[in-house]
Protein chains: 2
Amino acid sequence: MKYSASKENHLKAIFHLQHEQGIVTTNALAAALQTRPASVTDMLKKLKEQKLLLYERYKGFRLNNEGKKAAIQVIRKHRLWEYFLVKKLQFGWDEVHEIAEELEHISSKKLVDRLDAFLGFPDTDPHGDPIPDSQGRFLQRRQISLSELPLNKLAQVSAIASQTSEMLELLQYNHIQLGTRLLISRKFPFDNSLEVKIRSRPPVTLSAQVAKNVLVKDDE
Amino acid sequence: MKYSASKENHLKAIFHLQHEQGIVTTNALAAALQTRPASVTDMLKKLKEQKLLLYERYKGFRLNNEGKKAAIQVIRKHRLWEYFLVKKLQFGWDEVHEIAEELEHISSKKLVDRLDAFLGFPDTDPHGDPIPDSQGRFLQRRQISLSELPLNKLAQVSAIASQTSEMLELLQYNHIQLGTRLLISRKFPFDNSLEVKIRSRPPVTLSAQVAKNVLVKDDE
DNA sequence: AATTAAATTTAGACAAATCTAAAATTAAAA
DNA sequence: TTTTAATTTTAGATTTGTCTAAATTTAATT
């Protein structure tokens, strides 16, 4: 199925917001797309019409399976083109986004798959984001600092940035190690410290300094 | 300056028709673009408005300098992408046109120039058409058979396909050799023979068989 | 030269995507 | 729990590119 560039942009933005915020609001989507809430509402109706979106007026919305599949294909194209621009055409990683915003709407599926092969089936784009494969599967997950993790989002510890023994001791004391599944249950804006929950354990508090050095990936 | 995909398509089609037919008509353009004459007229007004086109109603039209420059940039993009698809992504030369029709509308000038460098500054696309350089100059001209040359269009002999001695003798007798400037002054549909004029000489007649084996390039 | 035919343009409509301003609904605060 | 505020949606307009049908202009024929 082929969708207009504008529809693809909406699908992609909803997918990202859904992923990061759990729930998507009309205002948030309008802000993400640099457009107006009224315009978003118009588009939501069309996407629902095309059975890409679960949506009832005033009651929020989210992509259904079809919508997610479509969004992932756009993301795949975007990230493959970014990879191409940086690795083959010598662009800087910070100047490729705008161009990829255009390239991602080229429709040929065959083109994307050939490009993928030409690039050697990369699984991470120049910004560190995972590139879904031809079937829409993310083989790699995005690695971020624990301090960037949204509230109540389950994640898994994937690396420790600064491996001083003092740091490792502190983490070990708090039962945090590679592979530990955790989520942030509270954030304290005063000093940016975090309350972290590990399954079937009392919550522990981590300083901003520690959180910055714990890298996590989305849990599925 | 940036133009819509539809405008770029019109500019490109006018450029080609202008080049091949000398004069462009509303109907011919509509046919080339698979659209309606009325739609073409609408677009002509907009292109005139934007000072890309010399146009007065009912009196025909042609691109001005600005229009030509814009058209050539689109053609450059189209042909570079075709070259990329065939040489790097292993597409067949006969399956790249449609994809290039989309890619040619990506706007970044920097992208095109980087792509050009990545491809090694090719001067001919996979169909044998010349690729204009970054400044819009055609360094290579298209080679076609004399039998495909339009009426009254000046061209220059660039190659002889079948070099039998009988053929060369015949050509020599008619004062035709590499570099000869000529034009077709008449075509005889009965046997597809041609009357050919060479500057300051009486016209000569060539059979379809001979014409097929004489290759020519546009003269500038 | 008058008539017919072909080409071109205008007039008016439509679809997609967007907008502003006003109305409806939901959420937050007093 | 009213009242107020924020969010979301509707109604109606705008822009771009397209269309059909009718009118106009130019070209071709008799």
Side-chain angles (χ1 to χ4, degrees), chain A residues 1-14 17-18 21-63 67 70-71 74 101-102 104-107, chain B residues 1-14 17-18 20-63 67 70-71 74 101-102 104-107 151:
Chain A
M1 205 83 330
K2 202 188 151 180
Y3 308 107
S4 73
S6 178
K7 273 184 189 141
E8 289 192 342
N9 285 335
H10 281 77
L11 291 170
K12 194 177 56 151
I14 297 169
L17 290 173
Q18 193 165 305
Q21 315 292 322
I23 190 150
V24 195
T25 67
T26 302
N27 272 349
L29 184 51
L33 290 167
Q34 311 235 70
T35 183
R36 299 295 179 166
S39 310
V40 165
T41 301
D42 290 341
M43 187 57 88
L44 293 178
K45 283 192 220 156
K46 291 174 200 163
L47 294 176
K48 184 191 180 179
E49 189 72 25
Q50 274 171 81
K51 299 199 192 309
L52 297 165
L53 194 69
L54 302 170
Y55 166 62
E56 302 208 36
R57 69 202 207 312
Y58 292 111
K59 301 222 170 140
F61 51 91
R62 66 179 202 280
L63 296 175
V74 181
E101 284 291 302
E102 287 189 60
E104 73 187 5
H105 302 298
I106 304 294
S107 58
Chain B
M1 205 83 329
K2 202 186 152 180
Y3 309 108
S4 73
S6 178
K7 276 188 188 136
E8 289 193 340
N9 285 334
H10 280 77
L11 291 171
K12 192 177 55 151
I14 297 169
L17 290 173
Q18 193 165 307
E20 285 151 28
Q21 314 293 320
I23 190 150
V24 195
T25 67
T26 302
N27 271 350
L29 185 51
L33 290 168
Q34 311 236 70
T35 182
R36 298 297 178 164
S39 310
V40 165
T41 301
D42 291 341
M43 186 57 88
L44 294 178
K45 283 190 219 156
K46 291 175 199 163
L47 294 176
K48 183 189 180 180
E49 190 72 24
Q50 274 170 80
K51 301 201 193 306
L52 297 165
L53 194 69
L54 302 171
Y55 166 62
E56 300 207 39
R57 70 203 207 311
Y58 292 110
K59 303 224 170 140
F61 50 90
R62 66 178 202 279
L63 297 175
V74 181
E101 283 291 302
E102 287 190 60
E104 73 187 5
H105 302 298
I106 304 294
S107 57
L151 207 62

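Naming: A, B, ... by sequence-line order, numbering from 1 per chain.
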Member of A:Leu33, A:Thr26, A:Asn27, A:Thr25 meeting the side-chain contact (heavy atoms from CB on, under 4.5 Å) criterion with A:Leu29: A:Leu33
Nearest-angstrom distance from the residue atom NZ of B:Lys45 to C1' of D:dT18: 13 Å
Whole angstrom value for the distance that separates P of C:dT10 from CD of B:Glu56: 12 Å
D:dT30: pairing nucleotide in any strand, Watson-Crick or G-U under 3.5 angstrom: C:dA1
Expected list for residues 2-12 of chain A: side-chain donor-acceptor pairs under 3.5 angstrom, two or more places apart:
residue	atom	partner	partner atom	Å
A:Ser4	OG	A:Lys7	N	3.1
A:Glu8	OE1	A:His105	ND1	2.7
A:Asn9	OD1	A:His105	NE2	3.0
A:Asn9	ND2	A:Ala5	O	3.3
A:His10	ND1	A:Ser6	O	2.8
A:Lys12	NZ	A:Glu101	OE1	3.4
A:Lys12	NZ	A:Glu101	OE2	2.7
A:Lys12	NZ	A:Glu104	OE1	3.1
A:Lys12	NZ	A:Glu104	OE2	3.1

Inter-residue atom distance B:Glu49.CD - B:Leu53.CG, 0.5 Å rounding: 12.0 Å
Please output the side-chain donor-acceptor pairs of residues 35-48 of chain A that fall under 3.5 Å, not counting sequence neighbours, one pair per line with the distance.
residue	atom	partner	partner atom	Å
A:Thr41	OG1	A:Pro37	O	3.2
A:Lys48	NZ	A:Tyr55	O	3.1

Heavy-atom check, side chain of A:Leu63 versus side chain of A:Val24, under 4.5 Å: no
Whole angstrom value for the distance that separates P of C:dT9 from NZ of B:Lys48: 11 Å
Pairing residues for B:Ala32 by the side-chain contact (heavy atoms from CB on, under 4.5 Å) criterion, not counting sequence neighbours: B:Leu17
Under 4.0 Å protein heavy-atom contact, by nucleotide of nucleotides 2-8 of chain C - B base, S sugar-phosphate only: -----SB
Rounded interatomic separation in angstrom, taking CG from B:Leu11 and P from D:dG17: 11 Å
Interatomic distance, B:Leu53 CG vs C:dT9 C1' [rounded to whole Å]: 15 Å
Per-nucleotide protein contact string for nucleotides 15-20 of chain C, where B marks a base within reach and S marks sugar-phosphate only (heavy atoms under 4.0 Å, - for neither): --BBBB
Protein-nucleotide distance (A:Leu47, atom CG; D:dT9, atom P), rounded to Å: 13 Å
Pairwise distance CZ(A:Arg62) to CD1(A:Ile14) - rounded to 0.5 angstrom: 12.5 Å
